[in-house]
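The first residue in the sequence is number 1, and the count goes up from there. For ligands, and for the atoms within them, numbers begin at 1 and follow the listed sequence. Side chains included, hydrogens not; waters and symmetry mates left out as well; all remaining heavy atoms used.
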Amino acid sequence: MVRNILVGGQYGDEGKGKIISYLALHDKPQVIARGGVGPNAGHEVNYKGKRYPMRMLSCGFVNEKARILIGAGVVVNPEVFLNEVKMIGGDEKRCGVDYRATWLTKEHIERDKKETASAIGSTNTGCGPAVMDRAKRSAKTVSECPELKPYLTDVAKEVNAAKDVLVEGTQGFMLSVYYGTYPFCTSKDTSASSIAADVGLGPKKIDDVIMVIKSYTTRVGGGPFKNEISREEAEKLGIQEYGTVTGRPRRTSLDLHWDDLRLAAEINSATMIALTKLDVRFPSNTHVKKFNDLSNEAKEFVKKIEKEIGVPVALIGTGKDAEDIIDRRDSL
Ligand code: IMP
Ligand code: MG
């Protein structure tokens, strides 16, 4: 029995989708459940030559045998959900939503544009207002949405009964409404404990917490951000990124913010780090699949991360594809 959680260690967009899809294909969990806020998240996977930008369903769908679930703690936009079910092949039996999850409506999206302070740079996907209505006890749950009827399930029951479970968190630690750069943050806590609760897993049932960090730091939207470089500089370095959900240019810092990462590792109780985009930082390492084949510079970078954060770097992304990865978990 293995129950692992994956969370973001920075400001979201760490490359969680890619790591989740690798774990889905390689570890073959029976159930993959998504926690976190809702369709403000965009997780991307490149698989068999196609790019899938997922906002509601887990990128773990690439394993066709896995059951793909969304936990009670998530706010669900039925339109986005149904589109993504279609995008991954339309199999009703594969996907499920907890009947207790919050129903995100068009009204929430309208309100996000009007009510959320513009300085935060919300994705305006309605998540904040939906979370607010849930707290006010006025939100509807998805159990009232006829289009979602075929997908309604008890996710908590399913994840507790399943043999192998992988839980996908969204956003990143620095966007947590408690531990992040409040008030420039999302509307919920994004740490592993909350993600576990979102899908109905208790704190003693988690084996590994995999914290995903990118080889440099990005942030989309407003708020403090250390050692930011200009967009021109980022373009020149070939690391400028654009948001999956909103298409906005992401802000970039070449540094890893060690104090933040140490706190993130502690509060998430991270047992492993998954480091992404090492190939973007050190291009000669693209598609490398063995640690020993990395350049010295890249190896030193990995070692520095382990030393500074005190958590082993168990997975290393070296390319866009789900399979471009160094998996060191066996040697830890
Ligand atoms: P909201 O949660 O959509 O209201 O956005 C609040 C802040 O969190 C904004 O700065 C967003 O850009 C940021 N944010 C929310 N979700 C994500 C995500 O999945 N990745 C990156 N940034 C996010
Ligand atoms: Mg994203």
* Heavy-atom nearest neighbour of atom 2 (O) of ligand 1 within options Thr190, Val245, Thr186 -> Thr186
* Asked: Hey, are Tyr216 and Glu241 close enough side-chain-wise for a donor-acceptor pair under 3.5 Å?
  -> yes
* To do: Just jot down the ligand 1 atoms closer than 4.0 angstrom to any heavy atom of Gly121, in number order.
  => 9 (C), 10 (O), 11 (C), 12 (O)
* Asked: Atoms of ligand 1 less than 4.0 Å from Val220 heavy atoms?
  -> 10 (O), 11 (C), 12 (O), 21 (C), 22 (N)
* With under 30° as parallel and over 60° as perpendicular, where do the rings of Phe81 and Tyr151 fit, or are they tilted in between? -> perpendicular
* Asked: Who's the nearest protein heavy-atom neighbour of atom 14 (N) of ligand 1, and how far?
  -> Leu175 CD1, 3.6 Å
* Asked: Do the ring centers of Tyr52 and His43 come within less than 6.0 Å of each other?
  -> no
* Any atoms of ligand 1 less than 4.0 Å from a non-hydrogen atom of Asp13? List them with their elements. => 20 (N), 21 (C)
* Would you tell me which option among Glu14, Arg55, Gln171, Arg250 has the nearest heavy-atom contact to atom 16 (N) of ligand 1? => Gln171
* Pairs in or reaching into residues 9-19: which pass side chain to side chain donor-acceptor pair (under 3.5 Å), with residues at least two apart or in two chains? -> Asp13-Arg250, Glu14-Lys16
* **Asn227 versus Asp255, side-chain donor and acceptor atoms under 3.5 Å** => yes
* Taking N or O atoms only and a 3.5 Å limit, does Arg219 qualify as a polar contact for ligand 1? -> no
* **Donor-acceptor side-chain pairing of Thr318 and Asp279 below 3.5 angstrom** => no
* Asked: Taking only heavy atoms of Ile120, which atoms of ligand 1 are found under 4.0 Å from at least one of them?
  -> 6 (C), 7 (C), 9 (C), 10 (O)
* Asked: Does Asn40 reach ligand 1 with a nitrogen or oxygen that is under 3.5 Å from one of the ligand's nitrogen or oxygen atoms?
  -> yes
* Asked: With a 3.5 Å cut-off and no angle check, do the side chains of Thr181 and Arg219 form a donor-acceptor pair?
  -> yes
* Structure fact -> For Tyr11, the ligand 1 atoms with a heavy-atom partner under 4.0 Å come out as 21 (C), 22 (N)
* Asked: So is there a nitrogen or oxygen of Thr116 less than 3.5 Å from a nitrogen or oxygen in ligand 1?
  -> no
* To do: For the Mg ion (ligand 2), state how many protein N, O or S atoms fall inside a distance shorter than 2.8 Å.
  => 2
* Asked: Linking I/L/V/M/F/W/Y whenever any side-chain heavy atoms sit under 4.5 Å apart, do Ile206 and Val2 land together?
  -> no
* Can you name the nearest heavy-atom pair linking Glu84 to Leu57, along with the distance? -> OE1-N, 2.9 Å
* Does atom CD of Glu79 have more than 12 heavy-atom neighbours, drawn from other residues, nucleotides or ligands, at distances under 6.0 Å? -> no
* Using only heavy-atom distances, determine whether the side chains of Glu297 and Asn285 contain a donor-acceptor pair under 3.5 Å. => no
